[in-house]
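Working notes, beginning with the structure itself.
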There are 2 protein chains.
Amino acid sequence: MSEKISQAVIRRLPRYYRYLEEVEAKGVDKISSSRMSTEMGLNASQIRRDLNCFGGFGQQGYGYSVGKLKKEMAHILGLDKRYKVIIIGAGRIGHALLGYKGFMLEGFDVTDIFDADKGKIGTDIEGKKVLDINGLDRYLQENAIDLAMICTPKEHAQSIADRLVSLGIRGIWNFAPTDVDVRRGVAVENVHLSDSLYVLAYKLNQ
Amino acid sequence: MSEKISQAVIRRLPRYYRYLEEVEAKGVDKISSSRMSTEMGLNASQIRRDLNCFGGFGQQGYGYSVGKLKKEMAHILGLDKRYKVIIIGAGRIGHALLGYKGFMLEGFDVTDIFDADKGKIGTDIEGKKVLDINGLDRYLQENAIDLAMICTPKEHAQSIADRLVSLGIRGIWNFAPTDVDVRRGVAVENVHLSDSLYVLAYKLNQ
DNA sequence: TAGATTGTTAATCGATTAACAATC
DNA sequence: TAGATTGTTAATCGATTAACAATC
């Protein structure tokens, strides 16, 4: 927080967290940067440097405590809190995200799902009744929601994002194939699944 | 192809492609790096440099032809070919990917979907009958498939990947929350949706 | 203490940006 | 031709890696 953490470092944080979960599950309780280096395929200096952005979690001559480091990592990522989430768009991706039980374990509670399609509103998906997007403003006034997942067609993504932000949403996970822009202070992650598929096609042809 | 293209450049290619589709749809037929710079939020030098990795597509004093550049981009990414694709895992993500019509337009034909669950095998999803994973080897011997999307639980991702590669699959789009490793010459894109959610949580807390 | 491994500074490497000559 | 804009070289910036002193 004091000095600015680079994007490159931030993008590696979830990977550290995943790795630590894995080794903890194996019953490992002490780990060195050199072992992490071998097993993760990252440079050991880089690992120590990355971790030191957030504090001195290690101990010279010993290494890092897996349990402590994982806990610190969870805290840095904000995974030691719980988040209330809504999904906008009850198409296939919205449906898939709603049904993914992993989110709940990780602290993300999907409270409701919205759609504009009269044919979908009121139907039941994964045990949730699809709500009318027209009731969104009132809903957000009455419920404290932390973040929204946008699973609409790309045409509606930006306007929905604007509406969400104006209603107080502070974080947006966007699956529509377009970048949504928001004012400073609001967090957005644009997923762009097809970008990843395009890169795969590129690699396939090398 | 001659000189090595950096990962950073490769990751920007789909973004150029998306942008070019957009401006073409608006009827723009000529574009300069400086306009691209403003509209995409990238540095103009970087754009010219990136494009020049693949050839001199522009014309001094004029700029780039949108149609030509988009076509070149599609060619570089390999989007001017068609790919036969199978999906492994008929859970929610597999289902969502199978149903996404956009892939077909972009050259990716999903021919079949496989699962190990007796309760799912033989059922109909999005007009496809779910096939038994036990028949995978034979299926791949009899059908020329270019790439596979892995949508299994993480425990099975690596072993399925190994099997796919040994059967001749050259590209893997992996949605299981673990990195799959393959031999040189096989292309993999590990998606890691939850990494992106974790980064969002991180940003939310800054 | 001796051995191990961190935290951190210094060196290297690569990517981004600026500048400008070439040229349409 | 004059103006515009590319392609490309040179300068800058930031990220990665190596090295090592601090210290458990």
Restricting to pairs with a member in residues 162-175 of chain A, which pass side chain to side chain donor-acceptor pair (under 3.5 Å), not counting sequence neighbours?
-> Asp137(A)-Arg163(A), Gln158(A)-Asp162(A), Trp173(A)-Ser196(B), Asn174(A)-Asn190(A)
Its contact letters, B for base, S for sugar-phosphate only and - for none at protein heavy atoms under 4.0 Å, make nucleotides 19-24 of chain C read BB-BBB
Applying side chain to side chain donor-acceptor pair (under 3.5 Å), which residue pairs with at least one partner in residues 141-152 of chain A are found, sequence neighbours left out?
-> Arg138(A)-Glu142(A)
Nearest whole angstrom, please: distance from the P of dT16(D) to the CG of Asp50(A).
-> 7 Å
Salt bridge present between Arg15(A) and Glu39(A) (N-O < 4.0 angstrom) = no
To the nearest Å, how far apart are Gln7(B) CD and dT16(D) P?
-> 13 Å
Paired and unpaired positions of DNA chain C as dot-bracket, Watson-Crick or G-U wobble under 3.5 Å, | denoting a partner strand = ..||||||||||||||||||||||
So the side chain to side chain donor-acceptor pair (under 3.5 Å) pairs with at least one residue in residues 75-99 of chain A (sequence neighbours excluded) are His75(A)-Asp80(A), Lys81(A)-Asn205(B), Arg82(A)-Asp109(A), Tyr83(A)-Asn205(B), Arg92(A)-Glu126(B), His95(A)-Glu126(A)
Any idea which heavy atoms bring Gly171(A) and Val186(A) closest together, and the distance?
-> N-CG1, 4.3 Å
For Gly63(B) and Ala8(A), take the nucleotide of DNA chain D holding the closest heavy atom to each; which residue's nucleotide lies nearer the 5' end?
-> Gly63(B)
With the threshold set at 4.0 Å, does a side-chain nitrogen-carboxylate oxygen contact exist between Glu24(B) and Arg18(B)?
-> no
dA4(D) OP1/OP2 closer than 4.0 Å to side-chain N/O of Tyr64(B) | no
Do we see a donor-acceptor contact under 3.5 Å between the side chains of Tyr64(B) and Gln59(B)?
-> no
Taking the six-membered ring for Trp, are Tyr16(B) and Tyr19(B) ring centroids under 6.0 Å apart?
-> no
Taking CZ from Arg11(B) and P from dG14(C), how many angstroms apart are they, rounded to a whole number?
-> 19 Å
Which parts of residues 23-41 of chain B get close to DNA chain D, meaning a heavy atom less than 4.0 angstrom away?
-> Lys30(B), Ser32(B), Ser33(B)
Hey, does the Lys NZ or Arg CZ of Lys30(A) hover above the aromatic six-ring of Tyr62(A), less than 6.0 Å from the centre and inside 45° of the axis?
-> yes
Taking only N and O in the side chain of Arg12(B), is any of them less than 4.0 Å away from OP1 or OP2 of dT16(C)?
-> yes
Separation of dT17(D) atom C1' from Ile47(A) atom CD1, nearest Å, is 12 Å
Separation of Arg49(A) atom CZ from dG14(D) atom C1', in whole Å?
-> 10 Å
Nearest-angstrom distance from the residue atom CD of Gln46(A) to P of dT8(C) = 17 Å
Value in whole Å for how far the C1' atom of dG14(C) lies from CD1 of Ile10(B) = 15 Å
In whole angstrom, what separates Asn52(A)'s CG from dT16(D)'s C1'?
-> 15 Å
Take atom NZ in Lys71(B); do more than 12 heavy atoms of anything else shown fall under 6.0 Å from it?
-> no
Tightest non-hydrogen contact, residues Cys151(B) and Leu97(B), listed as SG-CD1, 3.6 Å
